[in-house]
Structures are given as structure tokens and as C-alpha cells.
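What you see is a predicted model; the values in this text were computed from it and never measured. Only this structure's heavy atoms are used, side chains among them; waters, hydrogens and symmetry mates stay out.
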Amino acid sequence: MLDPKLLRTEIEKTADQLARRGYTLNRALISTLEERRKDLQIHTQQLQNERNTHSKTIGRAKATGQNIQPLMDEVAGLGEQLKQTETELETLQAQLLAIQLDIPNIPHTTTPNGTNEADNQEIRRWGEPRQFPFPPRDHVDLGAEGGLDFEAAAKITGSRFTVIHGQLARMHRALIQFMLDLHTQEHGYREVYVPYLVNTDSLQGTGQLPKFEADLFKLSGEFNYHLIPTAEVPVTNLVRDRILDAECLPLRHVCHTPCFRSEAGSYGKDVRGMIRQHQFEKVELVQIVRPEESYKALEALTRHAETVLQRLELPYRVVALCTGDLGFAAAKTYDLEVWLPTQKKYREISSCSNFEDFQARRMRARWRNSTTGKPELVHTLNGSGLAVGRTLVAIMENYQDEHGHIQVPEALKPYLGGLEFIVPDGR
RNA sequence: GGAGAGAUGGCCGAGCGGUCGAAGGCGCAGCACUGGAAAUGCUGUUUAGGGGUGACUCUAACGAGGGUUCGAAUCCCUCUCUCUCCGCCA
């Protein structure tokens, strides 16, 4: 959520900034509602004041045994009038809030202009894509011996789920351990375990609700819970409705969870394989920082995610998302894209974002600024470190040999009992 | 699932329907005292929103939401969470 003051005092400037990302702010409507809100609030508070004053007078009169009937007559009707304006104000405020919850974040000045993916800006590349002396096979092909079983998943559940067997499943698990160990032991993150089902307050806090309900899986029945689309939701909401001491900042959490996304199937994109699934594992980095440090933190967090790819020796590039490709809550985002030889393309494997105070305002997540003594909004960031399923795909495709065996990356060997190769045959 | 108890400020803990944003204590901050400190004393110490250039002022909040009332922390209803006991369970 944007600072409501921006909509009151700098609406034109705010509208211009939002226009950069292709969002049209309904200035006329907001200004009209805002004006009415102001009048109504002043009026309501006047009436409340009147009521309070009269009630105190009645209290005093009663205590001294005076006849209170004339006083009672005076306030007759006030209650009705007050109730009416209060209700009206409430409705109006709810309307304004609904509008505010639907407005995306303002892009940071360093976020490049653009309308879609094609306008994203490459920042740097790492690693050389390997030259294959044979035509490389994609992961579906490599897993066809039984390591990856999409048919079984479709039978058990439906499309866009995966069953992973044998050594491939083991490597999938090993990747999670490897990532968690790296971030906790070398990058200063604290591991956390969280619920995979969350309430609507949490989803509103990080920005999935109310606008993106359709992207989520929701429980039917008596619990009004959603499955998490990312660990970002439970982990960031750890600080919801809190005022943190200055000394606890920055908070750095790393968390492995499954992620559930219903939007995945709707694009007709990446229908083959396990690139785009309704369920996947992810190791997520979340930071809660002081506002002045958030852009430094974004660079550091991005490097932390990159380190995973470097240790696994997977070629990748970093792109800065343009304003048109930016997520709803983000002010600036770096995507990490890993090289997939069979697609001859870099494909997204991590997304690292600074949300500034956008999520913090929705969550009422604050810290006590020791110089002002006042509670102020924190800045929140997160990034994948990394998406595990896609990492497995990248390893399969980049590390395959002509027999369809997968060489185990050096960094992963300790997690696989020193194994050199795995054969994705499901055994 | 059954039975019961509870939820008040950073923490503990009072609170008869009226002057209660809330006693008292602890903690914290400032000042005094001191060579310095401890102890002691005094003062201050929630959050959000509105109005005002500002001093300031108004409104709201005692788990959440509704209700009764001129007036609710206090009475009534619903819900959530916590604790105890029983049952069940990985």
C-alpha cells in the first residue's frame, strides 16, 4: 500500500510515477472520495465530541443528585445522527481502503522503463554455456526412464504436478539441504519453519490479496485458509503488527517450503515438464531492514541467490525487471535466469525484490527509530535462493552426458554421499 | 470432540456503568543528589487518525466483531486465541 498522504497531497506526481508501470490512477474518483472523507470525518468527530461532553455533564449531574432529565432531552436524537454519520464514514473509508489496496507500488528510480519482458535490462552474466558434442536432451526426456513421472502425477492429482523417483528425488532433497546450509552458514540467515496454510490477513499483508485471489489455492470447508504461493507470505508476516527494536534489524530469514500456485496452468506456457507446476519447492530469503539500508540489502540478497548458481556452476544472468514487468508489490526486482541448453535460453530461477515500505504498511510492520524515538515502517525484501525444481531441471540439462547420466555438481557431492553420477531411471 | 478458566499499556497487575488512556509496581528515559556510581527523589514514558504553520487540539483503541445505554474496560451476544483436565492422534 502506498502512503495515503501521497494520494491526498501529491496525487498528480504519484499518478505519473505509477504511469511508468502502465497503471492508471483514478485521480478524479480518489480526490472526490478523499474530499468527502475529510468533511465527513470532521463532522463525525465533532458529533462524538458533543456526545462525550454531554455524557460527562450527565455523569456529574447524576453524582450530585441533580435532575438529569433536561440534559437527557438535550442529547435526544444525537445518537441517531451520530450513528448515521459514523456508518457513512465507515463505508467511505472502506471504499478508499479497497482502492488503496489495489494500487501497485511505485517503481524505484533505477527500475528501467518498459512494457514487458523484452524491455528488461541485462545487468551481468556469469559462466559460459557448455558446448555439447551431442544433442542435449531436455529434462523430460532425461527423466523418461522413470525418474520423472508426469503420468503418475496426473493420475494421482492432475496436470502440472510431478512425481520424482529414486536418485533424482534424492538430488532434489539434497539441493534443499545445500541451499539452506549455504545461506545459514555463509550468508548470515536464520532458518525458520512456518505454516503452509495462511489466513487472509497474511495474504493481504504481502500483497497477494485482495487482487490476486485467482492465483491461489483455497481450502473449502470451515477453514478460510489458502495454501502459500511462496514462503514470502508466512515469513514476511512474522513481523506483521509488530514494532521491532532497532537492534534486531536487519532480520534475515531463510525458509524452505513447498509453494502452491493455481495460476501456473492458465497461460498455456511451459506445458512440458516441471518448469511451471502447481506445486514446487523453494528456498526463500527474506530480509526486514531499516529503510536507508534496503537497496544495499537488495544487492546483497541478489548476490546470495547468485552464489547458489555459482557453487553449482550453472551459467546464469541477472536482469533488472522493467517497470512493465514488475510485480505488484515490488519497487525494484532482479531476476536470476539460468541457462537451459535445450531451450537455448536463460530462464527465470529466482526473483529478488525490494518492496520498500509497501508490504510493511499493509502489515503495520515497524521498527523504533532510536534517533526519532518513533515507530517507523520497515522495508521488506525477498528472493528465491532458489526455486528447487527449476534448479534440478538446470542441473539435469547442463550436467548430462551422452548416455543420459547426470554428473553430480562438486558442491552437491557431500550431500549425495560422494556420488559422481546419477542415472535418472527412477531406481 | 467434551468440561472448565482466562485475554487490560514494554512487562506484572488493579479496575463500583460516569471526570478511566486507564491505579499501583517493574522496566526505560530525563533531571536532581554524587568526585563518580549505587541508593533515593522528582518528572516523563502506548498506538493510529483528523484539524492547525505552530504551541496545541480533537477522535478512536482495554483479544476481535456486533448489541444495550445519554455514557461500556465494566452488562449482553458471536467469534478468535491462550491455559487446565478428559478423549483421540503423528
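Looking at heavy-atom distances under 4.0 Å, A/I58 makes contact with a base. Residue contacts for A/R242: at a heavy-atom cut-off of 4.0 Å it reaches no nucleic acid atom on any strand shown. Residue A/R364 is out of contact with every strand shown, counting any heavy-atom pair closer than 4.0 Å.
If you take CG of A/N52 and C1' of B/U59, they are 8 Å apart, rounded to a whole angstrom. In this structure, CG of A/N224 is placed 15 Å from C1' of B/A64, rounded to the nearest angstrom. B/A60 atom P lies 8 Å from atom CG of A/N49, rounded to whole Å. Note: NZ (A/K374) to P (B/G49) measures 12 Å, nearest angstrom. Rounded to whole Å, the distance from NZ on A/K56 to C1' on B/G17 is 15 Å.
Remark: B/C33 base-pairs with no nucleotide; criterion is Watson-Crick or G-U wobble with both hydrogen-bond distances under 3.5 Å. Across all strands shown, B/C86 is found opposite B/G1 as a Watson-Crick or G-U wobble partner, with both distances under 3.5 Å.
Side-chain atoms of A/R368 lie closest to B/U47 of the nucleotides B/G49, B/U68, B/U47. The side chain of A/Q48 lies closest to B/A60 when the candidates are B/A60, B/G18, B/U46. Comparing B/A48, B/U19, B/C70 against the side chain of A/R366 picks out B/A48 as the nearest.
Judged purely by distance below 3.5 Å, without hydrogens or angles, the side chains of A/Q287 and A/H379 never pair a donor atom with an acceptor atom. Checking A/E281 against A/T257 by side-chain atom types alone, no donor-acceptor pair falls below 3.5 Å.
Taking the P atom of each, B/G52 and B/C20 are spaced 30 Å apart, rounded to whole Å. Atom name C1', nucleotides B/C12 and B/G66: the rounded distance is 32 Å, in whole Å.
The base of B/G18 sits with one of its N or O atoms less than 3.5 Å from a complementary donor or acceptor on the side chain of A/K62.
For the pair A/K83 and A/E88, the salt-bridge criterion is not met [side-chain N within less than 4.0 Å of a carboxylate O].
Counting all heavy atoms, side chain and backbone alike, A/H139 lies closest to A/I275 at CE1-CG1, 4.2 Å.
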